[in-house]
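We count ligands from 1, going down the list as the structure has it; atoms in each ligand are counted the same way. Any value given below was found using the heavy atoms of this structure, including those in side chains, with hydrogens, waters and symmetry copies removed.
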Amino acid sequence: MSNSTTLKVVSVVISAFAIVQMALAGDPDILSDFIGPINGMIPDGNFFTYTGFRVLVGQNSPPSTFKVLKATMAEFPALNGQSVSYAVLQFPANTINPPHTHPRSAELLFVAQGSLQVGFVDTTNKLFTQSLQAGDMFVFPKGLVHFQHNADASKPALAISSFASANSGTVSLPNTLFNTSIDDTVLALSFKTNVATIQTLKKGFAP
Ligand SMILES: *[C@@H]1O[C@H](CO)[C@@H](O)[C@H](O)[C@H]1NC(C)=O
């Protein structure tokens with residue numbers, strides 16, 4: 001083979017490998033159709049049904065603060081091994097879902113009601129933002145820091161998010177940094193401020 005032919009073969013092999021890697025970007029494949037109940041019971045249709053979102057239908061008293069209803073494998077065990085999950089996000093007027101990441105999945109958000117200001121920051125520290133209205137969809141790439149804000153002063157917003165993992169995980173930046181026992185000095189140096197400022201920030205998370 002000539003050098004250029006060898007190069008072409010190598011690049012085809014590399015891109016084929018990259019495509020396979022992309023196809024494997026969800027949870028690991030399981031070697032059965034599904035993973036049944038852990039108590040060993042024979043599953044029926046009920047096992048594959050989640051009714052935790054019924055509370056949203058004809059809801060008379062919407063929440064007073066930002067609220068997430070989840071259907072991950074923790075709430076809905078039939079999702080174990082299926083690489084999918086859901087969340088319903090309810091935003092009263094003027095509320096936020098603070099900056100956070102999902103380490104194991106991208107997030108595909110659909111705005112069902114109201115409007116949302118959303119954004120994420122990529123690994124080069126570039127911010128991408130958008131104003132979404134009802135009917136719009138937005139994708140937050142896997143693992144990147146992102147947020148959603150209902151900036152409307154009077155109208156609530158409702159969004160539905162789907163994930164390509166049964167357990168995508170959530171790392172909330174405010175909670176991770178200021179509601180754990182990371183040393184005040186470490187945080188003060190990291191944020192180029194003093195310990196007193198860090199302690200003020202931590203107070204907002206105290207029970
Ligand atoms: C702080 O962490 C505790 C323990 O994990 C948790 O119960 C509480 O909700 C957190 N506070 C806030 C404001 O997120």
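- No close placement of the Phe128 and Phe140 rings is indicated, their centers lying 6.0 Å or farther apart.
- Taking the six-membered ring for Trp, His100 and Phe147 have ring centres at least 6.0 Å apart.
- Side chain of Asn150 to main chain of Lys155: a donor-acceptor pair is present (N/O by atom type, distance under 3.5 Å, no hydrogens or angles).
- Between Leu89 and Leu109, some side-chain heavy-atom pair lies under the 4.5 Å cut-off.
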Find all protein N or O atoms under 3.5 angstrom from an N or O atom of ligand 1 and list the pairs with distances, or write 'none'.
residue, atom, partner, partner atom, Å
ligand 1, 2 (O), Asn179, OD1, 3.3
ligand 1, 2 (O), Asn179, ND2, 2.2
ligand 1, 11 (N), Asn179, ND2, 3.0
ligand 1, 14 (O), Asn175, OD1, 3.2

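- Counting only distance, with no hydrogens or angles, the side chain of Thr129 and the backbone of Val118 share no donor-acceptor pair below 3.5 Å.
- Formation of a donor-acceptor pair under 3.5 Å by the Ser165 side chain with backbone atoms of Gly26 is not found in this model.
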